[in-house]
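Below is one structure, written out as C-alpha cells; the observations come after it.
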Amino acid sequence: MLVMGIESSCDETACAIVSEKKELLSSIVWSQYDEHRRFGGVVPEIAARAHLEQVDIIIKEAMKQANVDFKDLSAIAVAGGPGLIGGVMVGVVTAKAIALAHNLPFVAINHLEGHALMSRFTNDIEFPYLLMLTSGGHCQILIVEAPGKYEKLGGTIDDSAGEAFDKVAKMLNVGYPGGPNIERCAFYGNPKRFCLPTPMKGRAGCDFSFSGLKTAVRHQIEELEKNAPLSEQDKADMSASFQKTVVEVISDRLKNAISIFKDKYPNAKHLVVSGGVAANTSLRDALLSLATKNNMEFAAPPLKLCTDNGVMIAWAGVERFRLGKTSCLDFKAKPRWPLDNMDE
C-alpha cells in the first residue's frame, strides 16, 4: 500500500509518499519563511497564493523522488483542516482532482491527527498513549486510543505555546520563525535573570494558559527599554527565562495528565510529544526526564518531522485507509476541526 500525503494548512507546502510498512519513499517540503519574514508572522492571503504556485511542483517532485506514478498509489490523503482556510482549500481541491482523475480513494486528514500519529511512523508506539500536542496554533493533552478516537484531558484557555513563542520573538525582535530563534537566543542566556509567572502551575486539571506569561514578558521589556534599547544579552536572558517558564508550565500540566492516564490505562507506557514546539530541545529533555521519573517511555518524531510535513498526512492516511475510513469528494475544507470529536 502506497499513500500520498499533501499538506498546506499553514506556511509549508508539502507532499510525501509512504508505504504501509513505514517506508518513506519521498518527502518534499517548501517553506514560506522568506515570504512572511518581513511581516513577522504568517499572512493568510500570501500563504494561500504561495501554496497555489507551489503545490503542483511539490507533488511532481515527490513522485519523481519516489519513482512512482499515480497508478502505483493506493490512496490520496490531504490535510483537510484545521488551518488557514485558503491554504487548506488549495490542498483539498488538488487532492480531490487527483483522486477523481485517477480513480483513487480520497482521505481527508485532520492536520492535528497527522501530528498525533506521527510517532507511530517513526517509533514503535502502540495504542493507547498519552500525547502532548503543541504547535503554533494548538496546545493540548490527549489520550490517543485509535485513529479518530481521542480523549482530551486539557488544552490552552488562551494562547498556544507556539503562539507565545512567536509573539515573544516579535517583542524581542529576534526574527521569524519565533520558536527556533527564541531557542537559539536562549542558548546564550541566563534563565534565572527574569522572574516570570507560571500560569496554572499547581492547579488541578491539565489546562494551559500562556497569555499572562506573554504579557509579563512585554512589561519586563518595556521596563528595560526605559533605560536603554535591549542589548543582545537582554534578549538572550529573556529568551532563556521565557523558554524555561514554558517548559516548567508544560511539565507541571503533564504531571496531572500522567496520573489520570495511568489510572485509566495502568499498562500503557508511552508519553509522546508532537507538533512544531516539540522540536524545542529543552522541552524534549524535560519531558524525557518526566517520563523516566514516572516509569514511562518517551517518544517524539525526529526534529525535521515535528514541523508540518507531508509524511504525517500520508501516514495518517495509511492508518485511516487500512481501517476503511475514506472521505467523500464533497468534503469541505475546515478552518476548525476539534480532534476529540473529529469523526462526528
Side-chain angles (χ1 to χ4, degrees), residues 9-11 40-42 82-83 111-112 114-116 118-119 130-142 152-172 174-187 189 191 194 196-203 205-218 238-258 271-291 298 300-301 303 305-308 338-339:
S9 62
C10 190
D11 60 340
V42 180
H111 171 85
L112 300 179
H115 283 303
M118 187 71 257
S119 285
L130 183 64
L131 171 68
M132 174 72 221
L133 198 164
T134 177
S135 65
H138 304 275
C139 192
Q140 51 192 295
I141 303 173
L142 307 114
K152 184 177 177 180
L153 300 182
T156 181
I157 61 174
D158 41 55
D159 293 347
S160 69
E163 184 180 359
F165 267 98
D166 287 340
K167 289 182 177 178
V168 169
K170 195 168 185 178
M171 292 179 208
L172 293 173
V174 296
Y176 172 83
N181 288 331
I182 288 286
E183 183 175 13
R184 197 172 298 115
C185 286
F187 182 80
F194 297 101
L196 297 171
T198 51
M200 308 294 285
K201 183 180 177 182
R203 295 190 186 183
C206 306
D207 286 335
F208 301 90
S209 172
F210 294 104
S211 180
L213 171 60
K214 178 190 65 181
T215 302
V217 170
R218 178 168 56 81
M238 183 60 80
S239 294
S241 300
F242 168 74
Q243 178 177 268
K244 171 181 172 290
T245 305
V246 170
V247 170
E248 191 177 334
V249 168
I250 290 177
S251 299
D252 177 78
R253 305 285 76 202
L254 266 173
K255 287 179 185 176
N256 293 348
I258 288 172
L271 170 62
V272 174
V273 61
S274 66
V277 182
N280 184 286
T281 52
S282 293
L283 177 62
R284 291 165 81 102
D285 290 345
L287 298 192
L288 171 60
S289 176
L290 181 64
F298 175 75
L303 297 182
L305 293 180
C306 288
T307 51
D308 295 350
L339 193 55

Given side chains that start at C-beta, do those of P199 and V249 come closer than 4.5 Å, heavy atoms only? yes
Are K214 and M171 close enough that some pair of their side-chain heavy atoms sits under 4.5 Å apart? yes
When you measure from the side chain of T134 to the backbone N and O of V277, does any donor-acceptor pair fall under 3.5 Å? no
Under 3.5 Å, is there a donor-acceptor pair between the side chain of R253 and the main chain of M200? yes
Looking at residues at least two apart in the chain, or sitting in another chain, which of them share a salt bridge (charged side-chain N to carboxylate O under 4.0 Å, His left out) with [X]?
| X | result |
| --- | --- |
| D207 | none |
| K152 | none |
| R218 | E222 |
| E163 | K167 |

By side-chain hydrogen bond (donor to acceptor under 3.5 Å, both in side chains), which residues pair with [X], not counting sequence neighbours?
| X | value |
| --- | --- |
| S282 | Q243 |
| D158 | S209 |
| N181 | R184 |
| Q140 | none |

Identify the two heavy atoms, one from C10 and one from D308, that lie closest to each other, and give their separation to 0.1 Å. CB-OD2, 4.0 Å
With [X] via side-chain contact (heavy atoms from CB on, under 4.5 Å) - residues at least two apart:
| X | value |
| --- | --- |
| C185 | V174, S239 |
| V246 | A161, F165, F210, L213, F242, I250 |
| P82 | N110, H111, L112, H138, W337 |
| A257 | L130, I141, L153, C206, L254 |

Take L290 and F298 through the side chain to side chain contact (heavy atoms under 4.5 Å, CB included) test and state the conclusion after the steps. CA-CA 9 Å; L290 181 64; F298 175 75; over 6 Å; no
